[in-house]
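Below you'll find the structure, written out as structure tokens, and then a few comments.
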Amino acid sequence: MYSDKVMDHFQNPRNVGEIEDASGVGTVGNAKCGDIMRIYLDIDENQVIQDCKFKTFGCGAAVATSSMATELVKGKTVQEALEVTNKAVMEALDGLPPVKVHCSLLAEEAIHAALWDYAEKNHIKIEGLQKPKSDIHEGEEEEEEEY
Amino acid sequence: MKKMIYLDNAATTRTAPEVVEAMLPYFAENYGNPSSVYELAGASKEAVAKARETIAEILGAKSNEIYFTGSGTEADNWALVAAFEAYQGKGNHIITTKIEHHAILHTCEYLEKVRGAKITYLDVDENGIVKLEDLEKAITPETILISVMYANNEIGTIQPIREIGLIAKEHGILFHTDAVQAFGQLPIQMDADNIDMLSSSAHKINGPKGIGFLYIRKGVKIRSFLHGGAQERKRRAGTENVAGIVGYGCAAKRAADSMQERTAKERELRNHLIRRIMKEIPYARLNGDPVKRLPNNVNVSLQFIEGESLLIMMDMEGICASSGSACTSGSLDPSHVLLAIGLPHEIAHGSLRFTLGDETTKEDLDYVVDKLKGIVEHLRSMSPLYEDFVKNGKKA
């Protein structure tokens, strides 16, 4: 079902944990839908992400995308991190099954939420960053009917 | 070979070697069509009749009340759709429950949306048992059918079938039960249990896949679902799956003969597994009734973690199990059964089902618990829900 890369990141997730006094923390998703992702960012005075940690409640794909997303944003500037899209995360994982694509959206949203928290704390504006949605499943289409 | 412990026997079972053995002659040797007249066909015809008789005897039924189908799902579809059609003159109301298998629930939705049926979906209590007073109250003069599963596939809860059958009988309403998980596991008697129609499937009891049957009580006037030839007393067209039917007969006999001893052993092992999980894994919850429960079913929710992650990690240790999490169903909602017994979504997502088989040993289960403890600890260490729970002083 999953690519080797997804399985690797699920079995050996990178950057699991918390950062005390993090520059920014973002939590997205909800327990109702079965996935919650929390990302911690440690950002230095040059707006470079020095460290990134995550905690995730969710399926194999949710864990793997969290892990990959933290890898991708580490060392990047805040602006560069904004460009880490769900597509980039998915490509880095050699793809996800279609039903799991929403998990990669969760990773993108979690990074954005953490950046938003950082911007608010420091009273700065990050160009191109929008206030994250509280629920990533907002606006998702209803399941198609059978028959 | 990698160690494998198969604990998903409610999904399907290993076809027993003696069942395979019994089936083999009906592929290349006795391949005649039971409907044909020459001698070659006689062996097929006889084999089908013998299997039918075996199954009827187990149920205390007559052999002309057993109709072979392609699956338990087909039997469920047939029973519901054909009963609705046959008894439309009387009414259009069907009573079922919120915890049925999708073969029942989606057929009811179809009848509701496309055929104008009125369906009542009964609630269940926190253990998954239908309340008889709710059933009584739901009955109207238009009620033509009650369909309640014998035992639930996810949480293993056994329904008060005899009492439900009696209520149906007293009101002159047909009673159907989906016994896919119960046939061969529990002693079912059609007359004593007041059942008019019953669905079952061979592959749940070490028989082959692709064969089931619908029991239809003599006098119940439902018509065929598949149209064509005159097979199955003109009620189910299509050349008989001879090898499958032979396999089912053999598996049914095997299950019935070993029932008492096997289920006693399974019950003991089941209770051992439940006890160890509840004792050794914190924040675990047993789903389903502790006593009125299939002998081989264990269903637990492990708080703060998600089912699919659990399954993948267990698979890496060679353990096959299943979960009611949304991620395993391809939708965003967790199992309808777990929601119906009142579990919050996040706890339903962390459910885990083990279903034992006749080959399961105590050593297997001890290995599972030993591995499960580490897996749960690992997944909780990366769960934001657990983090919040700990930060709140372990108060939910």
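Hydrogens, waters and symmetry mates are skipped; everything else that's a heavy atom, side chains included, is used. Here is how names work: the chains are called A, B, and so on, in the same order as the sequence lines, proteins then strands, and each is numbered from 1.
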Fill in: chain A contact via Phe304(B) - which portion, at a heavy-atom distance below 4.5 Å
backbone
Practice prompt. Cation-pi check, Lys100(A) to Tyr2(A): give yes when NZ or CZ is under 6.0 Å from the six-membered ring centre and within 45° of the ring axis, no otherwise.
Written response: no
Discussion item. Quick test of your reading: applying salt bridge (charged side-chain N to carboxylate O under 4.0 Å, His left out), list the pairs with at least one residue in residues 70-84 of chain A, sequence neighbours left out, ordered by first then second residue.
Written reply: Asp51(A)-Lys74(A)
Worksheet item: Non-hydrogen atoms of chain B under 4.5 Å away: do they reach the side chain of Ala62(A), the backbone, both or neither?
Response: neither
Worksheet item: Within a radius of less than 6.0 Å around NZ of Lys131(A), do more than 12 heavy atoms belonging to other residues, nucleotides or ligands occur?
Response: no
Worksheet item: Relative to chain A, which segment of Met316(B) carries a heavy atom at a distance below 4.5 Å: side chain, backbone, both, or neither?
Response: side chain
Discussion item. With a 4.5 angstrom heavy-atom cut-off, is it the side chain or the backbone of Pro97(A) that approaches chain B, or both, or neither?
Written reply: neither
Worksheet entry | Option passing side-chain contact (heavy atoms from CB on, under 4.5 Å) with Tyr121(B) (candidates Ile95(B), Leu105(B), Ile94(B)) | Leu105(B)
Practice prompt. With sequence neighbours left out, write down each residue that passes side-chain hydrogen bond (donor to acceptor under 3.5 Å, both in side chains) with Glu280(B), or none if nothing qualifies.
Written response: Arg276(B), Lys373(B)
Worksheet entry | Partner chain B: residue of Pro13(A), Gly60(A), Gly17(A) with the largest heavy-atom pair count (under 4.5 Å) | Gly60(A)
